[in-house]
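To start, the structure under review is shown below, and the notes come after it.
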Amino acid sequence: MRTRSRAAADDAERPRGGSASPGPGRSLAHLDADVLGVVASFGYLNELLLLRGTCRVCRDAAQRAMKGSCRRRGARYEKPVGEWYELRVDDGPHAISTRTRVLGHCVGGLSIEADRYDSDLDSATVAAIGSFIDTAAAGDLETLSIGVSVPKATLLDWIRRTPRLLGLSTNVLTDGDFQDSDFIAISTACPMLTRFKINAEDHTSAAEAYSYFFPNLESLDLSNTYGHHDGYRPMNFAKIARTLDACTSISMLDLENCHVEPGLVDLLLGSRLADRLTKLGLDKAFSVTPNLVLRCARAMPRLHSLSLPTRFTGDPAFYTALVEARPGLTELRIMSTVLTEPSIVAVSSLCLKKLDLFWFGNMTSPIGDIILSSRSAASLTDFTLHTFCSPGTVTAADMLRLVRGCPNLANFTWSEEDVRPLDASSTTALTALLRSRGGRPWIYPKEDGSLADDGSGIIYATAVRH
């Protein structure tokens, strides 16, 4: 059998059409292997596939980058392959099999999706998906999300193939409720699960339906948005208490869309959960008063992340008391129609790393100046501002000054209710600064993320940390 030298093979793989413009493989082949590995680690799925096919020198570096990449989501919602991959079942079994060979061992998270959630899958497609899951489970797969409607037997078969899974969610079923025996089977097949969510057809919360079968769960989920437009009321306190006793690793509490009533609060704060809790989510919760929030904050000594309900009515005295009760808060989300300058001054006195504000424009001083004069200016890494006020109240120049004064800020979102043209020079400087800090910024005025010809839009940046 004839063999070719390494140099001859690389020459054969050079792009045709002239020698004036060498291909990417030729321009990178001279790099040290470690340097080339760093270069490849910045690539996203399409870039890594191109690099993988350029020459043999680059192939191994691209393969390692695919397998080891664990970065945050980048520009335009493109997800690095090592973090998450969306498998579209509508592409058919042949395409799925091809993706299995190329990508299967690289994914850390897998989402199985279809154009229609109730798509009927033929046996060949089901088998191809199973092969992808087998390959991923033998690699780095840690999270599985199933968004297609399949029979329970198929679902359980897929799950049994992933014994090292840490996160599992499925939204739809085609037949019957899950029984206790099914949850026991899943817990036995995936004993390391720290996150588990399934569509419960009796419309109760996870904590009341099945969480107690999964002792390693890290979050207590009392939310239920399905069919409860006026809010969900957790009622089965015995099942909730059983979950609290069984799941001793819970450090996060999700009360989204819940009516947070005194009896429930008494149960939660009277358990050992209060001493462990680090994150409290009250997004869209009902019956939440400032006094209730303060009661929770005072009873949770390790709390560092708090999301307040939509249209929360806390006044400056509340925010001052919150800071006094929990001076260790580092993450805060506020959506309020009465958010005032003294309230922002109070919360900014914390050493916040993450701050999300939904602001309705009833302050006289620029919000950026308030933050810049506070302790949070030095610690802030993530900042989101959604303004619901007259255009021009907050400008790109204001945001540029804010980002310049917060040296660690790279994750950044600024949007307004009414999209309008942005100041070009400030916008350019702002996006360049975010990019220099490892962010992948862009501007978009549309849901699909496309740019407007006039430069109008919303500034968004996601940091890429290695």
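- Counting heavy atoms from C-beta on, the side chains of Ser305 and Leu280 never come closer than 4.5 Å.
- Ring orientation note: the planes of Tyr85 and Phe132 are close to parallel, at an angle under 30° on the 30°/60° scale.
- Taking a cutoff of 4.0 Å between a charged side-chain nitrogen and a carboxylate oxygen, Glu86 and Arg88 qualify as a salt bridge.
- Looking only at distances, a side-chain donor or acceptor of Asp90 sits under 3.5 Å from a matching main-chain atom of Asp115.
- A side-chain donor-acceptor contact under 3.5 Å links Ser376 to the backbone of Leu352.
- A salt bridge links Arg99 with Asp91: at least one charged nitrogen is closer than 4.0 Å to a carboxylate oxygen.
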query: Under the side chain to side chain contact (heavy atoms under 4.5 Å, CB included) criterion, do Leu303 and Leu329 qualify, and how do the steps go?
result: CA-CA 7 Å; Leu303 187 69; Leu329 281 175; 4.2 Å; yes
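- Remark: the backbone N or O of Met235 is paired with a side-chain donor or acceptor of Glu208 at under 3.5 angstrom.
- Not a single side chain to side chain donor-acceptor pair (under 3.5 Å) links Glu142 to another residue, sequence neighbours left out.
- A 4.5 Å side-chain heavy-atom check between Leu269 and Met300 finds at least one atom pair inside the cut-off.
- Across Ala377 and Pro407, no two heavy atoms sit closer than the pair O-CD, 3.6 Å.
- In this structure, CG on Leu357 lies 12.0 Å from OG1 on Thr413, to the nearest 0.5 angstrom.
- Nearest approach of Ala124 to Pro93, heavy atoms of both residues: O-CB, 3.7 Å.
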- request: Test Leu141 against Arg164 for side chain to side chain contact (heavy atoms under 4.5 Å, CB included), laying out the working first.
  value: CA-CA 8 Å; Leu141 186 66; Arg164 293 186 297 161; over 6 Å; no
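- Minimum heavy-atom separation, Cys406 to Ile371: SG-CG2, 4.5 Å.
- For Asp182, the side chain to side chain donor-acceptor pair (under 3.5 Å) partners at least two apart in sequence or on another chain are Lys152.
- One finds the CG atom of Leu273 at 6.0 Å from the CG atom of Leu253 (value rounded to the nearest 0.5 Å).
- Of the possible polar contacts, one joining the Arg437 side chain to the Leu409 backbone as a donor-acceptor pair under 3.5 Å is found.
- The existence of a salt bridge linking Arg302 and Asp275 is excluded, since no basic side-chain nitrogen approaches an acidic carboxylate oxygen closer than 4.0 Å.
- Ser187 contributes no side-chain N or O that, together with a main-chain N or O of Ile184, makes up a donor-acceptor pair within less than 3.5 Å.
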message: Run the side chain to side chain contact (heavy atoms under 4.5 Å, CB included) test on Ile133 and Leu110 for me, step by step, so that the C-alpha distance in whole Å, both residues' side-chain angles and the decisive distance to 0.1 Å come before the verdict.
response: CA-CA 8 Å; Ile133 293 174; Leu110 174 62; 4.0 Å; yes
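- Looking only at distances, no side-chain donor or acceptor of Arg242 sits under 3.5 Å from a matching main-chain atom of Tyr212.
- The closest side-chain donor-acceptor pair between Glu256 and Ser223, if any, does not fall under 3.5 angstrom.
- The main-chain N or O of Ser131 is found under 3.5 Å from a side-chain atom of Thr135 such that the two form a donor-acceptor pair.
- Residues Leu264 and Leu268 meet the side-chain proximity criterion, which asks for heavy atoms closer than 4.5 Å.
- The heavy-atom pair separating Ser211 from Cys247 by the smallest distance is O-SG, 3.4 Å.
- A donor-acceptor pair under 3.5 Å links the side-chain atoms of Thr243 to the main chain of Ala207, judged by distance alone.
- Put simply, OG on Ser145 and CG on Leu87 are 11.5 Å apart, with the number rounded to the nearest 0.5 Å.
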- request: Show your reasoning for whether side chain to side chain donor-acceptor pair (under 3.5 Å) applies to Ser111 and Glu113.
  value: CA-CA 6 Å; Ser111 176; Glu113 304 291 343; 2.6 Å; yes
Derivation and outcome, side chain to side chain contact (heavy atoms under 4.5 Å, CB included), residues Ile186 and Phe178: CA-CA 11 Å; Ile186 295 173; Phe178 263 48; 3.5 Å; yes
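- Here the side chains of Thr125 and Ile96 are in contact, with some heavy-atom distance below 4.5 Å.
- Between Phe196 and Tyr210, the gap from one ring centroid to the other is short of 6.0 Å.
- To the nearest 0.5 angstrom, Leu144 atom CG is 5.0 Å from Ile112 atom CD1.
- The shortest heavy-atom contact between Cys351 and Ser379 is C-OG, 3.3 Å.
- To the nearest 0.5 Å, atoms CG (Leu332) and CG (Leu308) are separated by 5.5 Å.
- Side chain of Arg276 to backbone of Ile250: a donor-acceptor contact under 3.5 angstrom is found.
- A heavy-atom distance below 4.5 Å is not found between the side chains of Leu306 and Glu331.
- Inter-residue side-chain proximity for Ile159 and Leu168 is flagged as met; some heavy-atom pair is nearer than 4.5 Å.
- Two residues are said to be in side-chain contact when any heavy atoms from C-beta on lie closer than 4.5 Å; Leu193 and Asn216 fail this criterion.
- Side-chain atoms of Asp382 do not come within 3.5 Å of backbone N or O of Leu355 as any donor-acceptor pair.
- For Pro309, the side-chain contact (heavy atoms from CB on, under 4.5 Å) partners are Leu282, Val288, Phe312, not counting sequence neighbours.
- Between the side chains of Thr384 and Arg333, no donor-acceptor pair is found at a separation under 3.5 Å.
- By the 30° and 60° cut-offs, the orientation of the rings of Phe214 relative to Phe183 is perpendicular.
- Side-chain atoms of Ser219 and Asp221 include no donor-acceptor pair closer than 3.5 Å.
- Rounded to the nearest 0.5 Å, atoms CD1 (Ile146) and OG (Ser169) are 8.0 Å apart.
- Paired with Val89 under the rule side-chain contact (heavy atoms from CB on, under 4.5 Å), one option of Val148, Asp122, Val126 passes, and it is Val148.
- Contact of the Tyr232 side chain with the Leu222 side chain is not registered, since no non-hydrogen atoms from C-beta on lie closer than 4.5 Å.
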